[in-house]
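In what follows, a structure is listed as structure tokens, so that the remarks can point back to it.
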Amino acid sequence: MTKAKPAHKRILLKLSGEALMGDDAFGINRATIERIVGEIAEVTHMGVQVAVVIGGGNIFRGVAGGSVGMDRATADYMGMLATVMNALALADAMNKNGLTARVMSAIAIEQVVEPYVRPKALQYLEEGKVVVFAAGTGNPFFTTDTAAALRGAEIGAELVLKATKVDGVYTADPHKDPSATRYAHITFDEAMSRNLGIMDATAFALCRDQKLPIKVFSIFKPGALKNVVMGGDEGTLVHV
Ligand SMILES: Nc1ncnc2c1ncn2[C@@H]1O[C@H](COP(=O)(O)OP(=O)(O)O)[C@@H](O)[C@H]1O
Ligand SMILES: O=c1ccn([C@@H]2O[C@H](COP(=O)(O)OP(=O)(O)O)[C@@H](O)[C@H]2O)c(=O)[nH]1
């Protein structure tokens with residue numbers, strides 16, 4: 001019997017900060033991070049090259065609560081630093097799981113993590129290491145979803161995998177509208193013109209222009225990541 005081959009060779013996995021919270025109100029839940037790392041290890045061992053962009057919403061969100069009244073750019077830099085903390089926690093859990101992880105930051109904090117250098121990231125991926133991209137795009141007024149689109153395009157990923165709290169793109173925000181239904185697939189133009197709030201327009205536009213498809217799926221569903229990597233019917237595909 002031949003073993004089924006993964007449908008993708010190199011992927012960019014976007015994990016929202018909240019994916020790391022588990023059932024906690026904020027911060028990083030150890031059991032949750034270990035489960036996610038276990039799933040990443042599974043696909044890495046299948047020979048898939050995995051790069052990760054991690055969010056920071058579990059620790060700090062530039063436009064939210066505590067930052068009301070703050071200068072937006074300053075708050076956004078705090079948000080980017082939050083993603084660095086998540087990246088360190090994620091890489092630590094990966095290394096403990098037997099993977100080799102490298103954190104690369106879009107803003108210079110060289111005593112803590114190495115800076116993002118594209119050829120080096122590509123080299124790590126070729127070597128089978130998992131690269132965790134921290135600090136988003138390095139610019140305020142952007143999101144880590146846009147960082148996922150940007151890094152995904154830069155490293156030549158075949159697919160951006162947006163692992164989130166919902167199991168796909170819905171006709172409306174399913175947390176607000178229980179009658180919303182899920183798309184199996186949708187074009188970038190449709191998702192943007194319908195203002196579907198799952199990702200920001202900058203991220204959608206970048207992926208559309210680079211013809212880089214996005215798969216939106218639930219991080220809470222065990223085995224979903226592997227299923228996506230195997231080309232299975234999972235979540236929603238956003239395509240050109
Ligand atoms: N049309 C939609 N389909 C699916 N999810 C949507 C839609 N509109 C808004 N959302 C919201 O987008 C969120 C997923 O994005 P994510 O980046 O993980 O969250 P956040 O940006 O809050 O960290 C979901 O929690 C969901 O409530
Ligand atoms: O390129 C970027 C990426 C992130 N952020 C800031 O970092 C926060 C955390 O990122 P995000 O909200 O995308 O995290 P997630 O929702 O995935 O947890 C954002 O709110 C922004 O304040 C930013 O300024 N530029």
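Starting from 1, each residue takes its place in the sequence as its number. Indexing begins at 1, ligand by ligand and atom by atom, following the structure's order.
Of all the heavy atoms of N139, the ones lying under 4.0 Å from any atom of ligand 2 belong exclusively to the backbone. When non-hydrogen atoms are compared, ligand 1 lies under 4.0 Å from the side chain of V166 (C-beta onward) but not from its backbone.
Taking 4.5 Å as the limit, some side-chain heavy atom of I54 sits within range of a side-chain heavy atom of V132. Counting heavy atoms from C-beta on, the side chains of M192 and R208 come closer than 4.5 Å.
In terms of protein heavy-atom proximity, atom 17 (O) of ligand 2 is nearest to K14 NZ, 2.8 Å. Summary of contacts: the protein heavy atom closest to atom 1 (N) of ligand 1 is Y170 O, 2.7 Å. In terms of protein heavy-atom proximity, atom 3 (C) of ligand 2 is closest to T143 C, 3.4 Å. Nearest to atom 5 (N) of ligand 2 among the protein's heavy atoms is F142 O, 3.4 Å. Of the protein's non-hydrogen atoms, the one nearest atom 7 (O) of ligand 2 is G79 C, 3.2 Å. Counting only heavy atoms of the protein, atom 20 (O) of ligand 2 lies nearest to G62 N, 3.2 Å. Looking only at heavy atoms of the protein, atom 14 (O) of ligand 2 is closest to G56 N, 3.0 Å. The protein atom (non-hydrogen) at minimum distance from atom 5 (N) of ligand 1 is I198 CD1, 3.3 Å. Counting protein heavy atoms only, atom 11 (P) of ligand 2 is closest to T144 OG1, 3.4 Å. Considering only non-hydrogen protein atoms, atom 4 (C) of ligand 1 sits nearest to G168 O, 3.3 Å. When only non-hydrogen protein atoms are considered, atom 26 (C) of ligand 1 lies nearest to D173 OD1, 3.4 Å.
Residue contact check: G55 has heavy atoms under 4.0 Å from atoms 14 (O), 15 (P), 17 (O), 18 (O) of ligand 2. When each atom of ligand 1 is checked for a heavy atom of L196 under 4.0 Å away, the hits are 1 (N). For ligand 2, the atoms sitting less than 4.0 Å from at least one non-hydrogen atom of P140 are 24 (O), numbered in the order shown with element in parentheses. The G17 neighbourhood of ligand 2 comprises atoms 15 (P), 17 (O), 18 (O), with distances under 4.0 Å to a heavy atom of that residue. Of all atoms in ligand 1, numbered sequentially from 1 with element shown, those under 4.0 Å from a heavy atom of H175 are 25 (O), 26 (C), 27 (O). Annotation for ligand 1: atoms under 4.0 Å from non-hydrogen atoms of S16 are 18 (O). With ligand atoms numbered from 1 in the order given, ligand 1 contributes 14 (C), 15 (O), 16 (P), 18 (O) to contacts under 4.0 Å with heavy atoms of T164. Close contacts of ligand 1 with P174, meaning ligand atoms under 4.0 Å from a residue heavy atom, involve 3 (N), 4 (C), 5 (N), 6 (C). Atoms of ligand 2 found under 4.0 Å from any heavy atom of T137 (numbered from 1 in listed order, with element): 1 (O), 2 (C). Ligand-side atoms of ligand 2 in range of G57: 14 (O), 15 (P), 18 (O), range being under 4.0 angstrom from any heavy atom.
Among the atoms of R61, some N or O lies under 3.5 angstrom from an N or O of ligand 1. Not a single N or O atom of Y77, backbone or side chain, sits closer than 3.5 Å to an N or O atom of ligand 2. Between F60 and ligand 2, no N or O atom pair is found at a separation short of 3.5 Å. In terms of polar-atom proximity, defined here as any N/O pair under 3.5 Å, A75 makes no such contact with ligand 2.
Across the listed options R194, K162, K165, K162 owns the non-hydrogen atom lying nearest to atom 17 (O) of ligand 1. Atom 8 (N) of ligand 1 has its nearest heavy-atom neighbour, among G197, S218, A191, in G197. The heavy atom nearest to atom 22 (O) of ligand 2, out of those in D76, T83, L81, is found in D76. For atom 16 (O) of ligand 2, the candidate residues are M80, K162, R61; the nearest heavy-atom contact is made by R61.
Checked for salt-bridge contact, K226 and E234 miss the test: no charged N lies under 4.0 Å from a carboxylate O.
Checking side-chain atoms of N86 against main-chain N and O of G55 turns up a donor-acceptor pair under 3.5 Å. Judged by distance alone, with hydrogens and angles left aside, the side-chain atoms of S105 form no donor-acceptor pair with the main-chain N or O of A108 at under 3.5 Å. When atom types are taken as modelled, the side chain of N139 and the backbone of T137 share a donor-acceptor pair closer than 3.5 angstrom. Side-chain atoms of R118 come within 3.5 Å of backbone N or O of E154 as a donor-acceptor pair. In terms of modelled atom types and a separation under 3.5 Å, the side chain of D167 and the main chain of F217 share no donor-acceptor contact. Side chain of R61 to main chain of G79: no donor-acceptor pair is present (N/O by atom type, distance under 3.5 Å, no hydrogens or angles). Counting only distance, with no hydrogens or angles, the side chain of N97 and the backbone of L99 share no donor-acceptor pair below 3.5 Å.
Relative to the six-membered ring of Y116, R151 meets both conditions, a distance below 6.0 Å and an angle of at most 45° to the axis.
Annotation: the span from D200 atom CG to L206 atom CG amounts to 10.0 Å, rounded to 0.5 Å.
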Practice prompt. Test side chain to side chain contact (heavy atoms under 4.5 Å, CB included) on N29 and D23 and set out the steps.
Written response: CA-CA 8 Å; N29 179 281; D23 292 329; 5.9 Å; no
Practice prompt. Decide yes or no on salt bridge (charged side-chain N to carboxylate O under 4.0 Å, His left out) for R10 and E126, but give the supporting numbers first.
Written response: CA-CA 9 Å; R10 181 176 289 169; E126 295 288 349; 3.1 Å; yes
Item to complete: Give the intermediate values and the outcome of side chain to side chain contact (heavy atoms under 4.5 Å, CB included) for residues I59 and M85.
Response: CA-CA 9 Å; I59 300 175; M85 289 197 242; 4.0 Å; yes
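At least one heavy atom of A172 sits closer than 4.0 Å to an atom of ligand 1. Ligand 1 is never approached by G17 to a heavy-atom distance shorter than 4.0 Å. Residue M199 places no heavy atom under 4.0 Å from ligand 1. Not close to ligand 1: K176, with no non-hydrogen atom less than 4.0 angstrom away. The shell of residues lying under 4.0 angstrom from ligand 1, judged by heavy atoms, excludes G57.
Linking ILVMFWY side-chain heavy atoms closer than 4.5 Å, directly or via other members, places Y183 and F188 in a single hydrophobic cluster.
The side chain to side chain donor-acceptor pair (under 3.5 Å) test applied to Q123 returns E127, not counting sequence neighbours. Under the rule for a side chain to side chain donor-acceptor pair (under 3.5 Å), the partners of T74 that lie at least two apart in sequence or sit in another chain are D71.
Shown here is H185, whose NE2 atom has no more than 12 heavy atoms of other residues, nucleotides or ligands within 6.0 Å. When the shell of 6.0 Å around CZ of F26 is examined, it contains 12 or fewer heavy atoms from other residues, nucleotides or ligands.
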